[in-house]
Structures are given as structure tokens and as C-alpha cells.
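Beneath this line is the structure, given in C-alpha cells, with notes to follow.
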Amino acid sequence: MYRIDYGFLLREVWVAFTMLPFTLMLAAVPTLFGLAVGALLAIVRIQRVPVLRSVVQGYVVLIRGMPTVLMLLIVYFAFVFGFDALMEKLGWSARSANIPPTLFAMGVLAFIATAFMTESIRTALLSVPKGQTEAAQSIGMTNFDIYRRVVIPQALPVAIPILGNAFIGQAKGTALVTMIGVTDLVTRVRIEANASYRYLEAYIAVALVYWALCVGIEQGVRLLNKSVRVRAGGV
Amino acid sequence: MITLSNIHKSFGRNHVLKGIDLTIRDGEAFVIIGASGSGKTTLLRAINFLERADQGEISIGGVSVSAKRATKKQVLDIRRRTAMVFQNYNLFRNRTAIRNVAEGLVIVQKVGEKEALERAAELMAQVGLSDKLDAYPSQLSGGQQQRVAIARALALRPEVILFDEPTSALDPELVGEVLGVMREVARMGITMILVTHEMSFARDIASQIVFIDDGVIVEQGAPIEIFRDAKEERTRQFLRRIMPEFTYHI
Ligand SMILES: Nc1ncnc2c1ncn2[C@@H]1O[C@H](COP(=O)(O)OP(=O)(O)OP(=O)(O)O)[C@@H](O)[C@H]1O
Ligand SMILES: [Mg+2]
């Protein structure tokens with residue numbers, strides 16, 4: 001019967017834990033990027049900007065309907081081959097191999113995050129009843145003021161839990177970057193397991209650290225939500 | 001003075017307004033009546049561009065704009081000359097009652113915060129809600145919310161206030177308090193355009209009544225001319241249906 005090596009497990013939890021800041025960065029940077037760009041794209045869709053809105057919609061549908069792992073691999077290989085071919089044609093010396101994998105992984109994750117954030121923000125903005133906007137229009141507020149004073153304050157309490165979930169999804173997705181050569185906590189722990197064949201312990205250790213990360217994010221979101229709800233006046 | 005000329009509006013293939021011409025003089029309580037779906041709400045919303053008419057001209061207090069070609073700036077200008085009271089109140093849910101009233105003063109008219117709140121408090125007193133200044137809409141009854149909404153409209157001192165069935169979402173026992181406030185607004189000489197099914201109220205306060213059917217004006221006149229001496233059979237039919245007791249009173 002297989003006996004779990006708790007000492008090894010504990011050690012690997014620590015190893016994985018030391019990589020946590022890196023993972024947090026891999027999750028947070030693309031999410032923040034996604035928030036900023038997603039807000040713009042959400043408004044493009046809501047304001048029905050011609051042509052652009054269809055492009056955005058296509059992009060969101062494409063990304064949301066695809067497992068992150070596939071996205072990562074497809075973009076990775078497409079990029080590697082495409083980029084190198086292009087550089088060769090231009091006669092430039094840059095090669096994809098010289099791009100740090102971390103930067104590349106963040107780019108792909110941001111590409112994915114933006115789609116989810118666009119949809120989350122759009123959902124939240126659409127949750128504000130039309131009558132609220134119309135009341136603001138009827139007193140002659142500008143579009144900018146309507147968003148600033150009416151729509152966004154009311155959308156925030158709706159947005160935060162949705163965005164929190166998207167952030168958690170994004171954090172979990174970072175476990176895949178090891179596949180494209182980024183040294184993250186999965187990679188580190190696997191290297192150690194290679195020596196002892198203690199893969200089960202190693203992956204449990206990683207899972208525990210991810211679990212702690214997600215619980216942490218969830219708590220943070222909860223606190224944020226509470227403070228926003230208070231300021232929004234119990235909407 | 002407000003004039004609408006040749007207002008047309010379609011939703012897809014549904015031709016809702018078929019060339020509406022109206023003139024509303026300053027200080028008038030102008031009442032629009034008509035069956036459900038006849039286009040009353042659409043007409044009201046066309047005036048402040050919540051709905052953009054396909055054709056026609058809207059002029060309020062000397063500014064005249066083409067419904068179809070009005071620029072963003074012109075739309076804003078028209079909206080700043082009007083205010084609207086909605087069937088569902090539409091108070092800003094994230095602001096207290098007094099802040100709802102002050103919002104337009106601070107954000108649109110750039111009145112200082114302190115002065116705005118003072119004026120808002122006065123208006124809240126006028127609508128009998130001095131004790132609800134800091135209540136959020138969710139903490140107010142429908143009648144109270146609608147009175148705040150009227151105060152919000154009054155705060156801007158618009159050239160006209162548009163009322164769209166302001167009492168029809170209210171429980172019957174709350175209708176009276178809102179009608180009371182509206183009566184006060186009419187007495188103050190503020191121009192109002194009112195869509196309502198409250199016929200006895202309309203008869204009391206209206207200076208002019210128009211009957212709209214199927215997107216056209218069928219008949220217009222003083223209350224007595226409509227309620228007692230309607231010339232058009234369609235008007236009489238509508239009135240009989242909406243207030244059957246009416247026939248007995250003559
Ligand atoms: N946003 C819209 N999109 C499509 N059709 C609409 C829209 N608003 C109104 N209509 C249609 O326009 C017609 C007139 O509607 P409107 O709301 O102006 O009637 P109304 O006279 O206010 O009726 P009620 O007394 O029931 O409020 C109806 O056939 C309605 O279905
Ligand atoms: Mg209506």
C-alpha cells in the first residue's frame with residue numbers, strides 16, 4: 001500500500017509557498033490589465049459602437065468557449081512560429097526564444113483575462129436598471145457624469161463578486177504556465193518529485209497552496225464588497 | 001412656450017406617432033389622455049429625447065431643434081430645460097432623498113454643495129418630506145418616492161415638467177398625496193405636461209386636454225369641451241370606457 005510521506009509533503013508545501021508571490025503576480029497583473037481594457041471593451045459593447053462591438057463580441061465568445069490550457073498552447077505555438085517567421089522575413093535578429101517565458105505567459109493570461117473581465121463588467125453595468133440612466137438623462141446629465149455618478153456606483157456592488165470569481169479563475173489558470181516553460185510552483189515541486197517519485201505528495205502540496213490562495217482572494221473580495229456596499233448606500 | 005410640430009416616431013414597422021402638432025403655453029397644465037398603446041409615453045419621451053423622434057421639430061423656450069438632426073449638445077440643452085417624473089419614480093437608488101433632489105443642482109447646474117442642499121431641503125419640505133431627508137429610496141413608500149421625484153424635478157426650475165402616469169404604479173391609498181403635490185405644482189404656475197388616467201384630477205387641474213388615439217391627435221380643448229362636449233365619437237367612446245359613471249353625471 002502507498003504510504004504518504006508527510007515530511008516530504010510538508011517540505012513541498014513550503015517550497016510551493018515560497019513561489020506564491022510569483023503566482024500571485026501571474027494572476028494579478030493580467031487581471032488588472034483585463035480590468036482596465038475590459039472596462040473599455042464593455043462600454044464599446046454597451047454603447048453599440050459599430051463594427052468594434054462585433055469584434056469584441058467575437059473575441060469574448062472565442063476565449064470564453066476555450067479551455068485556458070488550449071488557449072495557452074495555441075497562442076504559444078502560433079506565436080513562436082509566426083513571430084520567428086516574421087522576424088526572419090524582416091531580417092531582424094529577434095527570436096521568440098529570447099522572449100522571457102514569464103512575459104509571454106502574462107501576455108496570454110492577460111488576453112484571456114480581458115475577455116472574462118469584459119463580460120463581467122458588461123453584466124454588472126447592464127444590471128443597473130434603464131430607469132436609472134433615464135432619470136439621469138432627464139435632468140440633463142452628460143454621459144460621463146451618468147457613468148460616474150449613477151451607473152458605476154450601482155454596478156460596483158454587482159461587479160465585485162463576479163470579478164472576484166474571475167480573478168480566482170485566473171489564479172487557478174496560472175497553474176498551466178509550467179506547460180510553456182515558465183518555472184512556477186508546479187515546476188519547482190515537480191523537479192523535487194522527480195528525484196523521489198513522490199508525485200502525489202508534490203501535487204497535493206501545490207493544491208494546498210492554490211487552495212489557500214483562492215480562499216485568501218475570496219476573503220479579500222468579501223471585505224471589499226462590504227465596504228463598497230456601505231458606500232453605495234445599501235443598493 | 002413649447003411647440004411640437006409634425007412629430008413622427010416608429011419602432012421598426014410600428015408607426016407610433018403619426019405627425020403630432022402641439023402648442024403648450026407657459027404656465028399651462030397640459031393633459032394628454034388616450035388608450036393604452038396610443039403613444040402617450042412615446043410622445044412625452046420624444047420631447048426630452050429619451051426617445052428620438054424620426055421627424056419633426058421640438059421647440060422649448062425659444063430654442064428649436066430638429067428631432068432627427070439634433071446634436072448631442074442640443075439634446076443636452078433641451079433636457080436641461082425640461083424635467084421628467086416617471087411612472088416608476090426612478091429615484092437614484094444609491095443616494096438619499098435629499099441627495100436625489102440636490103444631484104441635478106450640483107452636477108448639472110454647478111450650484112455649490114451647501115446651497116444645493118439648502119434648496120433641496122426647502123423642496124423636500126414643500127412636498128411634505130422634511131423628516132425623510134436622509135432616507136434611501138428603498139426605505140420610502142411609493143408615494144413618498146414619487147414626491148421626492150417631483151422635488152427633484154422642481155429643483156432644476158425647468159421650463160416644463162413632464163409627468164408620465166405619476167400615480168399609476170401607486171397603491172390606491174397613496175395616490176392622493178401625490179396628486180396633492182401635483183396640484184400644488186400646477187398652482188405655482190409651473191408648466192406641466194401630464195399623461196394620466198386620473199380623469200377627475202385631469203378635469204380639475206387641466207388648462208388643456210388632448211385626446212390621442214393611434215398616434216394622432218383626435219381632439220383638443222379645455223376640460224369642459226372634452227369631458228362634456230366632445231365632438232369626436234372616438235373621444236366620447238374612450239371617455240365612456242374609462243369613466244362609465246361619467247354618463248350618469250350629465
Ligand atoms: N422601446 C420601444 N420599442 C418598441 N416598441 C415600443 C417601444 N416603446 C413603445 N413601443 C410601442 O409603441 C406603442 C405606443 O407605446 P406607448 O408606451 O407610447 O403607449 P402609451 O400610450 O403610453 O400606453 P400606456 O397607456 O399603456 O402607457 C405601443 O405599441 C408600444 O408597444
Ligand atoms: Mg405610457
Side-chain angles (χ1 to χ4, degrees), chain A residues 39-40 42-44 46-50 52-53 120-163 221 223-235, chain B residues 41 44-45 47-52 72-97 99-110 134-139 145 148-149 152-164 169:
Chain A
L40 285 178
I43 290 174
V44 162
I46 285 180
Q47 298 284 334
R48 300 174 184 282
V49 178
L52 216 51
R53 64 183 270 237
S120 305
I121 293 170
R122 194 176 81 97
T123 306
L125 291 176
L126 287 178
S127 78
V128 179
K130 212 164 149 239
Q132 295 289 306
T133 322
E134 290 185 346
Q137 287 173 327
S138 77
I139 61 173
M141 278 165 86
T142 59
N143 278 338
F144 180 75
D145 280 335
I146 293 171
Y147 269 98
R148 188 173 64 92
R149 303 283 302 177
V150 179
V151 177
I152 291 173
Q154 293 189 34
L156 263 185
V158 178
I160 285 172
I162 308 178
L163 293 172
V221 169
L223 284 178
L224 191 63
N225 203 28
K226 218 184 247 173
S227 78
V228 165
R229 211 168 269 275
V230 169
R231 256 177 295 153
V235 166
Chain B
T41 296
L44 222 48
R45 291 164 59 87
I47 297 176
N48 68 351
F49 284 88
L50 287 187
E51 220 70 77
R52 192 183 272 264
K72 245 184 179 167
K73 211 167 141 240
Q74 286 175 319
V75 169
L76 219 50
D77 187 22
I78 291 285
R79 285 179 179 163
R80 287 175 180 177
R81 290 165 183 272
T82 60
M84 188 172 230
V85 174
F86 299 85
Q87 194 171 348
N88 300 311
Y89 337 125
N90 290 344
L91 292 183
F92 301 124
R93 302 182 302 173
N94 56 328
R95 308 218 181 279
T96 58
R99 291 275 171 185
N100 262 278
V101 179
E103 183 75 4
L105 290 171
V106 176
I107 301 300
V108 178
Q109 298 188 351
K110 316 284 183 207
D134 296 320
Y136 280 95
S138 58
Q139 300 165 325
Q145 289 187 58
V148 176
R152 175 174 70 182
L154 286 171
L156 300 163
R157 300 196 178 137
E159 302 191 23
V160 58
I161 302 181
L162 313 168
F163 292 85
D164 188 13

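All chains are named by letter (A, B, ...) in the order of the sequence lines, taking the proteins before the strands, and each is independently numbered beginning at 1.
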Heavy-atom pair of closest approach, residues [X] and [Y]:
X	Y	result
Asn90(B)	Ala135(A)	O-CB, 3.3 Å
Leu50(B)	Gln137(A)	CD2-OE1, 3.2 Å
Arg79(B)	Gly140(A)	CB-CA, 3.9 Å

Largest heavy-atom contact set with chain A, pairs under 4.5 Å, which of Gln109(B), Arg81(B), Gln139(B), Arg80(B)
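Greatest number of close heavy-atom pairs with chain A: Arg80(B).
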Looking at chain A, which one of Asn88(B), Leu91(B), Val85(B), Asn48(B) has the largest number of heavy-atom pairs inside 4.5 Å, strictly under?
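Going by pairs under 4.5 Å, I would pick Leu91(B).
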Residues two or more places apart in sequence or in another chain: which of them pass side chain to side chain contact (heavy atoms under 4.5 Å, CB included) with Thr123(A)?
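So Thr123(A) forms a side chain to side chain contact (heavy atoms under 4.5 Å, CB included) with Ile162(A).
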With a 4.5 angstrom heavy-atom cut-off, is it the side chain or the backbone of Leu156(B) that approaches chain A, or both, or neither?
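Just its side chain gets close to chain A.
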At a heavy-atom separation under 4.5 Å, does Phe86(B) approach chain A through its side chain, its backbone, both, or neither?
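Only the side chain of Phe86(B) comes within 4.5 Å of chain A.
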Inter-residue atom distance [X].[atom1] - [Y].[atom2], 0.5 Å rounding:
X	Y	atom1	atom2	answer
Asn143(A)	Leu76(B)	CG	CG	8.5 Å
Gln154(A)	Arg93(B)	CD	CZ	4.5 Å
Ser138(A)	Ile47(B)	OG	CD1	13.0 Å

Any donor-acceptor pair under 3.5 Å from Asn94(B) side chain to Arg149(A) backbone:
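Between the backbone of Arg149(A) and the side chain of Asn94(B) there is a qualifying donor-acceptor contact (under 3.5 Å).
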Would you say CZ of Arg157(B) has more than 12 non-hydrogen atoms from neighbouring residues, nucleotides or ligands within 6.0 angstrom?
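Open: at most 12 neighbouring heavy atoms sit under 6.0 Å from CZ of Arg157(B).
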One pair to check against side-chain contact (heavy atoms from CB on, under 4.5 Å): Met84(B) and Glu134(A). What are the steps and the verdict?
CA-CA 9 Å; Met84(B) 188 172 230; Glu134(A) 290 185 346; over 6 Å; no
Kindly write out the residues that satisfy salt bridge (charged side-chain N to carboxylate O under 4.0 Å, His left out) with Glu51(B), not counting sequence neighbours, or none if the list is empty.
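Glu51(B) satisfies salt bridge (charged side-chain N to carboxylate O under 4.0 Å, His left out) with Arg45(B) only.
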